[in-house]
Number of protein chains: 2
Amino acid sequence: MLPEPYDLLPTTARQSQTIAAGDVLFRQGAQTRGLYVLKTGRVHLERVGPNGERLIIHRATSGTSFAEASVFSERYHCDAIVMDAGALVRIDKSAVLAGFANPDFARAYGRQAAQQVQAHRQIMEIVGIRRAEDRVMAGIVAGLLDGTVIDFAARLQLTHEATYRALRALVEAGRVNNPSRGTYRLA
Amino acid sequence: MLPEPYDLLPTTARQSQTIAAGDVLFRQGAQTRGLYVLKTGRVHLERVGPNGERLIIHRATSGTSFAEASVFSERYHCDAIVMDAGALVRIDKSAVLAGFANPDFARAYGRQAAQQVQAHRQIMEIVGIRRAEDRVMAGIVAGLLDGTVIDFAARLQLTHEATYRALRALVEAGRVNNPSRGTYRLA
DNA sequence: GGCAGCATATGATTGAAATCATATTCCAGA
DNA sequence: TCTGGAATATGATTTCAATCATATGCTGCC
């Protein structure tokens, strides 16, 4: 099943496909066809700067959508390159645009987008905290430590080593519990 | 005038007010009334963690909206505290929800939100670059250096000193031009 | 015109996270 | 059951951005 809000669009709007490493989904300047929901694999969005510098705009991971803004644009403004093989669903631009005439879809879209913006703002606030220990603490308070410590570290823009050290310091300070190897929660 | 997409809502949905430092716009747990567009001043959104830790969720600045997700929620999930005096417009939750029945508003909302998500993702990618010089270069390529260097540094989550040094290094490496004091562009 | 405040700019020092290295535990799968 | 890979964990060293300090140019305003 597709994640919200795209599950509300007609099934005819979806095109599933498998992707192989190195595949190019679209290129900067190409006519937009729609957005993508990545089921598995990894996709990088890259833009080439005026002087040829390659700049990674976004790394899409399993279960997330990307190129949403292309729905409102004539041309893609970056390249989409498959890093790891997987599968995805393309969702037609026209179906999304038409979907906004359906208040249920529109509200679901709005809710989803607003929550995503909120989450991004919060992560950016947390990433702005300089001290690794404070950053890790804030990350835990924000509930960002759900999967592995390594994933958590990546979200915090810290190395996993620095994150492990900060976690240990927090445990030693009694601010965090470490009931078992690899699990941490607020004290 | 209100920024997109809220300019499309009936004027009856807006309530302007001035705000003083220390004012509390809403508290965590309070019934949601709507979102806010900040005209001038500064507002912090803060959440209190389970053990009483104060965590800044977001710093709203002039010309931006905040608490958009409250429209889809019964209760505010954070406190909104005025840091610097200014003025804002509150936009009724019910008017926004009703607005989604208008495809023009819905699409404008969708476009605005999608672009914001895109911008956030890009900034997060850039902030993830470790070397100050590379980060500053990426920031310039992304067009983030429009205002002052100090603002630019804040967006990059760097100190302005580190940013000035990186800029000078880039100028010396011939990758960036510094036509006049305080102005930098790609070489 | 002079002063206050801010952005720009750079030097010196410090500190903390990155990096490099290594060991252990856990789990999946041959 | 053995093996390989990944996550967890921590030590040693290095690097580079933060911090502290200071100077200058620019602008607004009294």
Side-chain angles (χ1 to χ4, degrees), chain A residues 21 40-42 59 61-62 83-86 123-140 144-185, chain B residues 40-42 61-62 83-85 123-140 144-185 187:
Chain A
T40 56
R42 280 191 314 133
R59 287 170 235 240
T61 52
S62 299
M83 304 309 287
D84 292 351
I123 289 186
M124 280 170 44
E125 268 314 319
I126 292 172
V127 167
I129 298 171
R130 305 250 193 242
R131 273 184 30 96
E133 202 176 316
D134 297 343
R135 195 137 120 208
V136 166
M137 187 64 193
I140 293 173
L144 264 36
L145 178 42
D146 45 358
T148 70
V149 174
I150 290 181
D151 289 347
F152 178 58
R155 288 209 251 177
L156 296 183
Q157 311 277 37
L158 280 177
T159 59
H160 59 92
E161 296 98 321
T163 306
Y164 281 118
R165 276 186 255 272
L167 283 168
R168 187 173 60 127
L170 288 167
V171 169
E172 269 161 19
R175 306 221 285 150
V176 167
N177 290 332
N178 180 208
S180 75
R181 186 181 164 90
T183 62
Y184 297 87
R185 51 179 70 98
Chain B
T40 56
R42 280 190 315 132
T61 51
S62 299
M83 304 308 288
D84 292 350
I123 289 185
M124 281 170 44
E125 268 316 318
I126 292 172
V127 167
I129 297 171
R130 307 252 192 240
R131 274 183 31 94
E133 202 175 317
D134 296 343
R135 194 138 121 210
V136 167
M137 187 63 192
I140 293 173
L144 264 37
L145 177 42
D146 45 0
T148 71
V149 174
I150 289 181
D151 289 347
F152 178 58
R155 288 210 251 178
L156 296 183
Q157 312 275 38
L158 281 176
T159 59
H160 59 92
E161 294 99 321
T163 306
Y164 280 119
R165 276 186 257 272
L167 283 168
R168 187 173 59 128
L170 288 167
V171 169
E172 269 160 19
R175 306 220 284 149
V176 167
N177 290 333
N178 180 206
S180 75
R181 186 181 165 89
T183 62
Y184 297 87
R185 52 179 69 99

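Within every chain, numbering begins at 1; the chains are lettered A, B, ... in the order of the sequence lines, protein sequences first and strands thereafter.
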Report summary line: Between A:R155 and A:V127 the two heavy atoms that sit nearest each other are O-CG2, 3.8 Å

Report task. May I ask you to say what A:R168 touches in the nucleic acid, namely base, sugar-phosphate or nothing, with a heavy-atom cut-off under 4.0 Å? Result -> sugar-phosphate

Report task. To the nearest Å, give me how far apart CG (B:D134) and P (C:dA18) are. Result -> 15 Å

**Report entry** Side-chain donor/acceptor of A:R165 to base of D:dG11, under 3.5 Å
**Finding:** yes

Requested in this report: For the side chain of B:R130, starting at C-beta, report the closest nucleotide among C:dA18, C:dA17, C:dT8.
Outcome: C:dA18

Query raised in the report: Does the pair B:E172/B:R168 count as a salt bridge with the N-to-O cut at 4.0 Å?
Result: yes

Query raised in the report: Is the shortest side-chain N/O distance from B:T159 to OP1 or OP2 of D:dA18 below 4.0 Å?
Result: yes

Report task. In whole angstrom, give the distance that lies between atom NE2 of B:H160 and atom P of C:dC6. Result -> 12 Å

Report summary line: Nearest heavy-atom contact between B:V149 and B:G182 is CG2-O, 4.4 Å

Query - Which residue lies more 5' along DNA chain C, comparing B:T148 with A:A162 via nearest heavy atoms - result: B:T148

Report task. Whole angstrom is fine here: how far is it from CD in A:E161 over to P in D:dT14? Result -> 17 Å

Query - Length of the line joining A:L158:CG and C:dA18:C1', which is rounded to integer Å - result: 10 Å

Requested in this report: Would you name the heavy atoms of B:H160 and B:A153 that are closest together and state the gap between them?
Outcome: CA-CB, 3.7 Å

Query raised in the report: Could you state the OH-C1' distance from A:Y164 to C:dA18, rounded to the nearest angstrom?
Result: 16 Å

Report task. Using whole Å, report how far CD of B:E172 lies from P of C:dA9. Result -> 13 Å

Query raised in the report: Could one point to a donor on the side chain of A:R181 or the base of D:dT10 with an acceptor on the other under 3.5 Å away?
Result: no

Query raised in the report: How long is the line joining CZ of B:R135 and P of D:dT15, in whole Å?
Result: 19 Å

Query raised in the report: More than 12 heavy atoms of other residues, nucleotides or ligands under 6.0 Å from CZ of A:R42: is that the case?
Result: yes

Requested in this report: Look at all strands and tell whether B:F152 reaches a base, only sugar-phosphate, or nothing, counting heavy atoms closer than 4.0 Å.
Outcome: nothing

Report summary line: B:I150 atom CD1 is separated from C:dC6 atom P, nearest whole Å, by 10 Å

